[in-house]
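First comes the structure, then the notes that go with it.
Side chains are part of it too, since the values below use all heavy atoms of this structure and drop only hydrogens, waters and symmetry mates. Every value quoted in this text rests on a predicted model; they were computed, and no experiment measured them.
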Amino acid sequence: MKKLINILASLVLAVTFSSFAQAGSLNIGLSGSLASIAASGTETDTGGTDSSTRKASVEHNNVPVAGLFLEYESDFYGLTLGFTHTPGAADVSKSAKQRNDVETSVTGDNTANTTARSFKAQAEVENFNSVYIELPIYQNFFVKAGLAEIDVNSLETVTGNGGSYGNASLDGEVYGAGFKGDLSDNLGFKVLYQETSFDQLKLTSTGNSVASETNTITADMDIEELLFALSYKF
């Protein structure tokens, strides 16, 4: 989040100085999109005698997504600087993933163990934010590039003496293209297609019953959106 905050601060400064040199408009608006979300992941056991790997993938199509955005649209070739926020949270997996284990050994315990454990996890994403630049290329058509960030929560439920993963934040890149125009003197619109590609997620468990054993999750997620936006220009 610190990286995005620093970029946003730089954006505010750029807007402030640009407003003295070039006329332009401050745009506040709402966006709605239909998104396709694709994610795949692998969980690997390491350090134990029974190492194993589990893989899973999921794809959601036509997911409705709403957002809020703030832009400065300059008169310098129509260059636009913006920030967008998507409120709320959403599940990544279509259903909770579950497995049952029998714990046979625990660090510091010399006796034999037969503890049954149930693990449940269902990843959730929230706080989807991005900063971006839009540059017109021909009449009302423009291209878009930016940086994104999203929080990933594991939402795991562990019984017994099992490890846990915790949460993480992912950075990503945004690319898109579309066209924009004015509906009136103060009302604008844009339609675009954009893709967001996030860095790989990597989580390592802590608190495992055997101190030398860990579980590691790696995952990738990409979002494609067909987006429509309305803005009010000041």
Side-chain angles (χ1 to χ4, degrees), residues 1-8 11 27-43 54-71 80-97 121-135 137 141-156 165-180 189-203 217-231:
M1 180 60 74
K2 290 183 178 179
K3 181 189 294 185
L4 208 59
I5 290 175
N6 291 335
I7 295 174
L8 182 59
L11 174 63
N27 307 335
I28 297 176
L30 301 172
S31 65
S33 67
L34 288 178
S36 294
I37 304 171
S40 61
T42 300
E43 182 183 43
R54 293 164 295 278
K55 296 183 178 182
S57 61
V58 65
E59 185 172 340
H60 299 278
N61 295 313
N62 299 321
V63 179
V65 178
L68 308 170
F69 64 91
L70 174 65
E71 298 177 337
T80 299
L81 307 175
F83 169 80
T84 184
H85 169 68
T86 301
D91 292 332
V92 176
S93 50
K94 294 182 178 179
S95 60
K97 307 301 181 183
Q122 185 170 5
E124 174 191 78
V125 292
E126 63 178 349
N127 298 324
F128 182 18
N129 301 308
S130 68
V131 292
Y132 57 88
I133 296 175
E134 293 177 351
L135 179 65
I137 54 174
F141 289 90
F142 67 93
V143 292
K144 173 181 180 178
L147 298 175
E149 186 178 64
I150 198 167
D151 293 334
V152 180
N153 305 322
S154 59
L155 300 182
E156 58 198 337
Y165 285 108
N167 307 321
S169 293
L170 295 179
D171 296 325
E173 295 78 39
V174 182
Y175 302 98
F179 65 94
K180 63 174 67 176
F189 77 94
K190 59 183 172 181
V191 179
L192 70 146
Y193 169 82
Q194 67 178 28
E195 296 183 5
T196 305
S197 178
F198 290 99
D199 297 341
Q200 186 180 68
L201 170 70
K202 185 174 182 179
L203 296 173
I217 285 179
T218 57
D220 295 285
M221 182 174 69
D222 299 302
I223 301 176
E224 300 178 10
E225 294 179 84
L226 180 61
L227 185 147
F228 178 79
L230 288 174
S231 62

Problem set entry | Pairs flagged by salt bridge (charged side-chain N to carboxylate O under 4.0 Å, His left out) wherever residues 189-198 is involved - sequence neighbours left out |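 Qualifying pairs: Glu71-Lys190, Glu134-Lys190.
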
Contacts of type side-chain contact (heavy atoms from CB on, under 4.5 Å), residue [X], not counting sequence neighbours:
X: Ala168; value: Leu201, Leu203
X: Leu30; value: Leu68
X: Leu226; value: none

Taking all heavy atoms of [X] and all of [Y], pick out the closest pair and write down the distance.
X: Ser130; Y: Val174; value: CB-CG2, 4.4 Å
X: Ala35; Y: Val65; value: CB-CG2, 3.9 Å
X: Leu170; Y: Gln200; value: CD2-O, 4.0 Å
X: Phe128; Y: Ala148; value: CE1-CB, 4.0 Å

Report the residues that fulfil side chain to side chain donor-acceptor pair (under 3.5 Å) with [X], sequence neighbours left out, ordered by chain and then residue number.
X: Asn62; value: none
X: Ser40; value: none
X: Glu126; value: Asn153
X: Ser197; value: Asp222

For this session: Check salt bridge (charged side-chain N to carboxylate O under 4.0 Å, His left out) between Glu224 and all other residues, then give those that pass, not counting sequence neighbours.
Result: none

Problem set entry | All salt bridge (charged side-chain N to carboxylate O under 4.0 Å, His left out) counterparts of Lys144, not counting sequence neighbours |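 Listed in chain order: nothing, the list is empty.
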
Problem set entry | pair Phe179-Val191: side-chain heavy atoms closer than 4.5 Å | yes

